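Note sheet for the following structure.
Remember, predicted model here, so these are calculated numbers, not experimental data. In this chain, numbering begins with 1 at the start of the sequence shown.
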Amino acid sequence: MPARSWVPPGPYDLHRTLCVLQRGPGDPAFAVRGGEVWRACRTPEGPGTLRLEARTAAGAVEAQAWGPGADWLLERLPELLGASDEPDRFTARHRLVHEARRRHPGVRLARTGLVLESLIPSVLEQKVTSDEAYRAWRLLLQRHGEPAPGPWERMRVMPDARTWALIPSWEWHRAGVDAKRSSAILRAVRVARRMEEAAGMDLAAATRRLTALPGIGPWTAAETLQRTLGAPDAVTVGDLHLPKIIGYALTGRRGTTDEQMLELLAPYEGQRHRAARLILLSGVVPPRRAPRFPVGDIARL
């Protein structure tokens, strides 16, 4: 069982840095247990499981890994934890953003270096509620993934590209995934190698690579590359809630559009995703006026 440690250069929040990789409660590939963060993923070398723990006294993050992908995961541990991130380049232009940064100084942008791991669940989240997408991800991994290496038996590694491609239509339907989303995933896994190459590109080139596939638009590309590249400017456009939250937090007004959101974030050019992340961490959201959007279930149709 190989191990490695990494000492962050300043304040560090392990959970808030990596929580963006978790796809809802009960994610079979991500778990938090006490002060530990567990992550199971499919690396270019095969399945791997990573256990991380922040040792506050020593200021280090300790990691252990299992499986064929263990060495790959440990070699890239600093990148995953945000070593290449440069939060000091960010300047807060709003009081709320400044306060959020002061309260959360240890949040960095994680960089996984893996594309399909973030692309597939992002496609599942298109045009549905989070609960529907999380359920689909959970069911697909439980049924078609494989047991994660290591001691935690309930964790699962997502299927490889060939297994995704062989999932029959009725299994997608059973997981509540419509044909549009499943088709986009199938197109992506059929060119998996080309998709994974985006992990070595800059943001603009990686976005072009992903959006060249039908069914993958700017929203999905941004949600993917925020995690794959740790891209500080990969702002999400086309989200149902994000413009309204950012608009309300920065202006107190409701009904902000994508265009208005981009105008508000213009002072953060080059760091717009980081600014949006801090705004979300502030917890300021518009009061709810209508019931929560109902959860659909096409599996019953």
Side-chain angles (χ1 to χ4, degrees), residues 1-8 12-85 108-122 134 137-164 166-167 189 192-193 195-196 199-200 224 227-230:
M1 177 183 60
R4 182 177 179 180
S5 64
W6 177 70
V7 180
Y12 190 73
D13 189 326
L14 176 65
H15 181 252
R16 280 197 172 90
T17 294
L18 295 185
C19 69
V20 294
L21 305 181
Q22 184 175 23
R23 302 298 181 156
D27 182 350
F30 190 98
V32 177
R33 183 167 64 181
E36 300 176 349
V37 174
W38 290 72
R39 175 175 176 246
C41 62
R42 183 168 299 281
T43 78
E45 305 300 325
T49 301
L50 193 62
R51 185 192 73 84
L52 301 157
E53 184 178 10
R55 301 291 177 87
T56 305
V61 177
E62 305 288 342
Q64 295 173 304
W66 294 263
D71 290 339
W72 190 95
L73 287 168
L74 291 177
E75 180 182 344
R76 290 157 180 79
L77 178 68
E79 289 288 302
L80 172 68
L81 298 177
S84 62
D85 188 27
R108 287 175 169 260
L109 300 182
R111 180 173 185 151
T112 67
L114 298 169
V115 176
L116 288 182
E117 176 192 71
S118 294
L119 177 62
I120 290 172
S122 295
Y134 296 156
W137 175 248
R138 187 168 61 249
L139 292 178
L140 290 166
L141 261 62
Q142 288 171 344
R143 190 164 183 85
H144 301 283
E146 60 184 277
W152 200 332
E153 296 180 355
R154 84 157 185 84
M155 297 196 75
R156 308 285 290 181
V157 175
M158 79 169 199
D160 59 18
R162 183 175 184 275
T163 303
W164 281 115
L166 293 176
I167 295 176
V189 299
R193 184 175 300 178
M195 292 291 98
E196 293 295 347
T224 301
R227 299 164 172 84
T228 299
L229 302 181

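Counting heavy atoms from C-beta on, the side chains of V157 and P149 come closer than 4.5 Å. Looking only at side-chain heavy atoms (C-beta outward), P151 and W66 come within less than 4.5 Å of each other. Using a 4.5 Å heavy-atom cutoff, the side chains of Q142 and P28 are in contact.
With sequence neighbours excluded, no residue forms a side chain to side chain donor-acceptor pair (under 3.5 Å) with Q22. Applying the side chain to side chain donor-acceptor pair (under 3.5 Å) criterion to R108, with sequence neighbours excluded, gives no partner residue. Looking at residues two or more places apart in sequence or on another chain, you find a side chain to side chain donor-acceptor pair (under 3.5 Å) between E117 and R39. Contacts of W38 classified as side chain to side chain donor-acceptor pair (under 3.5 Å), with partners at least two apart in sequence or in another chain: E36. With sequence neighbours excluded, the residues forming a ring pair (Phe, Tyr, Trp, His ring centres under 6.0 Å) with Y12 are W6, listed by chain and number.
The two atoms that bring A65 and A70 nearest to each other are CB-CB, 3.6 Å, heavy atoms only. Across all their heavy atoms, R156 and A40 have their closest contact at O-CB, 3.7 Å. Closest approach of P68 to E45, counting heavy atoms only: CB-O, 3.5 Å. Between A54 and L14, the closest heavy-atom pair is N-CD2, 3.8 Å. Nearest heavy-atom pair across H144 and P159 is O-CG, 3.4 Å. Across every non-hydrogen atom of E62 and S5, the tightest pair is OE1-CB, 3.3 Å.
Between T224 atom OG1 and L114 atom CG the span is 12.0 Å, to the nearest 0.5 Å. Atom CG of L116 is separated from atom CE of M158 by 5.0 Å, given to the nearest 0.5 angstrom. Taken to the nearest 0.5 Å, the CD atom of E146 stands 10.0 Å off from the CG atom of L141. Atoms CD and CG, on Q64 and L50 in that order, are 9.5 Å from each other to the nearest 0.5 Å. If you take OG1 on T17 and CG on L52, they are separated by 11.0 Å, rounding to the nearest 0.5 Å. The distance from the CH2 atom of W137 to the CG atom of D27 is 7.0 Å, given to the nearest 0.5 Å.
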I'd like a table of donor-acceptor pairs (distance under 3.5 Å, sequence neighbours excluded) in which one partner is a side-chain atom from residues 71-81, with atom names and distances.
residue : atom : partner : partner atom : Å
R76     : NH1  : W72     : O            : 3.4
E79     : OE1  : S84     : OG           : 3.2

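W152 does not carry R51 over the face of its six-membered ring by the limits of under 6.0 Å from the centre and within 45° of the normal.
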Intermediate values then yes/no, side-chain contact (heavy atoms from CB on, under 4.5 Å), R111 and L229:
CA-CA 5 Å; R111 180 173 185 151; L229 302 181; 3.9 Å; yes
From CA spacing to verdict: side-chain contact (heavy atoms from CB on, under 4.5 Å), V61, E53:
CA-CA 6 Å; V61 177; E53 184 178 10; over 6 Å; no
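Under a cut-off of 6.0 angstrom, the local environment of CZ in R33 is crowded, with over 12 non-hydrogen atoms contributed by other residues, nucleotides or ligands.
In this structure a side-chain-to-backbone donor-acceptor pair under 3.5 Å is missing from R227 to L21.
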